[in-house]
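First the structure, in the form of structure tokens, and then the observations on it.
Both counts, for ligands and for their atoms, begin at 1 and track the order of listing. Just so you know, these numbers come straight off a predicted model, no measurement behind them.
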Amino acid sequence: MSEPSSPKVRSASSSSSSASPSNSTPPSPSTPPSSSASGKATPQPPRDVRRRQELIGATIECIAEHGLSGTTVARVAQCAGLSTGIVNFYFRGKDALLLQTLEYVDSQYMLRQREAVLAHGGSPVACLEAMIDAAFDPELCHPHRVAVWAAFWGEARARDDYMRVCAAREAELEEQRVEAFAAIATEGGYTHLETEALGRAFHHMLSSLPESLLGDRGSFDLERARGTCRGFLRSIFPAEFSGAAPGLAPAPSSSRPQDLETEECATLPTWIYHDPEFFELEKESIFRRNWLMVGHASHVPGPGDYLTVDLVGERVFVIRGRDGVLRAFDNVCRHRASRVVRGQSGHCSGQIVCPYHGWRYGFDGKLKGVPEEESFSRLEKSEVRLPELDLEEWMGFLFVRFAGDGESVAELMAEKFDEASHYRFSEMQPLGPARTLDCDFNWKLFVENDSEGYHIPMAHPGLRRLFGTSYEENFEQGEGTQASSQLRDQESSVWAERAYQRLLPEVSHLPEHLRRAWIYYGLFPSAVVQACPDVADCYQVLPTGPDSCQLLTFRVALPDARREMRVARYLSERIIRNVIREDLSLCRFTNEGVKSERYTGGRLSDLESGVGIFRDEIRDRIPVAGVQKRPAPGRVATLNAQLNAQSNAQSDAQ
Ligand code: FES
Ligand SMILES: [Fe+2]
């Protein structure tokens, strides 16, 4: 990955001839040549240099007042208070005087512009800022200087010597500005921009804005001109030209272009559903820093019982110790990386024994025994243990977290606690083994599908027949989500659904309003407990690639031997299986759709607020998810880090 290139600096000789008095210091139109701003005497240049300064200063005055054609040797001499003979002595006539005046004005301007590039060569953002300041420097942007430059440009078509100076200056500045635009776009991931055209436009803005001085005498505001140029840059590179430290704080939201703005009613940008670089960010910032549901305490009831799960490229197992405590560890042997426990679940009697070479670990993860231990040099058993993950049991459901110090599951689900407590989830027992289902779409599409009821009437006829329009959701960002549907009294025309409506027995420990309700509890990023009166149907979506994921599912329920309850559980599983099949099909459709270059995102209705909340959860953790167009290859993580830094800087400032 290369550093962004900074604008090149051409040699000073590229636009000024050897006759240029660029190392002399003729007077500015507003500053006497031989005194400093403080009024103290400064060392005098040699007499001939001083004379040239005076004559060029006088020539500038004359051109500004009379134009090129009206500037004569006599007028210059009169303005300088010298004789025409002296003018001709130093410049050998009007042509040489004018050309050297042009070269002087050009050299002064270019000196400032080159200083801007040299001083900020490592930062194209700072470089463009400095170019603006230089272009509207009160001395260089004095009406007389601007008038002189405009006059020479006007004549340049007819004069090769003028054209040589003017064109060289324009070419050098334009190249520097275009290169700065390209560097910022590359660094910032603005892949959609026509940087050459925009850089040129910026160059011509800096070149032509000062000419407003000529027709706007007295009211031309340098500060406003600088603001205009910065506004132009900000509208193109909002994150870089915010008005705060270059490259840090973003522009105010109102000035951000559409491509950086994921509006309240807009979907996430399509590129993040199939981008390998974004997937890496998701693994790190979402799946390794948030709670992931891996099972239920009833899956590991006794000491030595374990369950395993593969989570975003990592292998994890949960085991119950002799002390009854559940712990989660990496399922990777510290010797040569074998799984230490096999299968989806099992039991270890006494110790965890790696199936490869037989290293033995305690249920606390500590290395206890090594076959042929004396054959290892420098192996200190007491220093070796399986890395442990955070584990939290919430109402019997087991959640693990690789890293992070965010809120606990209990805190995140606090608002749902009272209602969820009625279900007595922690007393539930497994209904069959946990299952995994490999899916060929991006995980977010499944969660989004799960986060709104807008699609239910169209996509899930079974749910429509069972629940009508009773779906209500209670989604808030930063906490667990909840949605509910009430079984209709009107019987479904489909026998399995009708049978469920008829046979679902009374569940006396549930309050009245939950006895015929299906309640959905969700926890970001992708854990769901679907609480039905008869069963808790649970699933966790886990990405396995940029556009593939795995659905980990299990069902738990309270012991209930009633025949109608067994039938209801069979029927609800059948109904839910149909719903999932319908959703999987929709997720495949959308997975195809978000890859289309002809689809650039859609609008969300008020009935899809859960999708909007999910979008915001993603953007909060991975701000590059707010960038509408995919950054350049290799730049996704860099841009995300930059946006994170901006966000942190903003937070610190508030
Ligand atoms: S890899 Fe586990 S004992 Fe060798
Ligand atoms: Fe659905």
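The side-chain hydrogen bond (donor to acceptor under 3.5 Å, both in side chains) test applied to Glu277 returns Arg630, not counting sequence neighbours.
Rounded to the nearest 10 degrees, the angle OD1 (Asp583) to the Fe ion (ligand 2) to NE2 (His460) equals 80°.
Among the heteroatoms counted here (N, O or S) of His455, NE2 is the one nearest to the Fe ion (ligand 2).
Salt-bridge annotation for Arg327 and Asp323: present, with a side-chain N of the basic residue lying under 4.0 Å from a carboxylate O of the acidic one. Between Glu448 and Arg615 there is no salt bridge, since none of the side-chain N atoms of the basic residue sits less than 4.0 Å from a carboxylate O of the acidic one. Ion pairing of Lys416 with Glu419 is absent here, as no side-chain N (NZ or NE/NH1/NH2) approaches a carboxylate O to less than 4.0 Å. No salt bridge links Arg315 with Asp310; every basic N to acidic carboxylate O contact stays at or beyond 4.0 Å.
Protein N/O/S atoms closer than 2.8 Å to atom 2 (Fe) of ligand 1: Cys333 SG, Cys354 SG.
There is no side-chain donor-acceptor pair under 3.5 Å between His274 and Asp547.
In Arg435, the CZ atom is not crowded: 12 or fewer heavy atoms of neighbouring residues, nucleotides or ligands sit closer than 6.0 Å.
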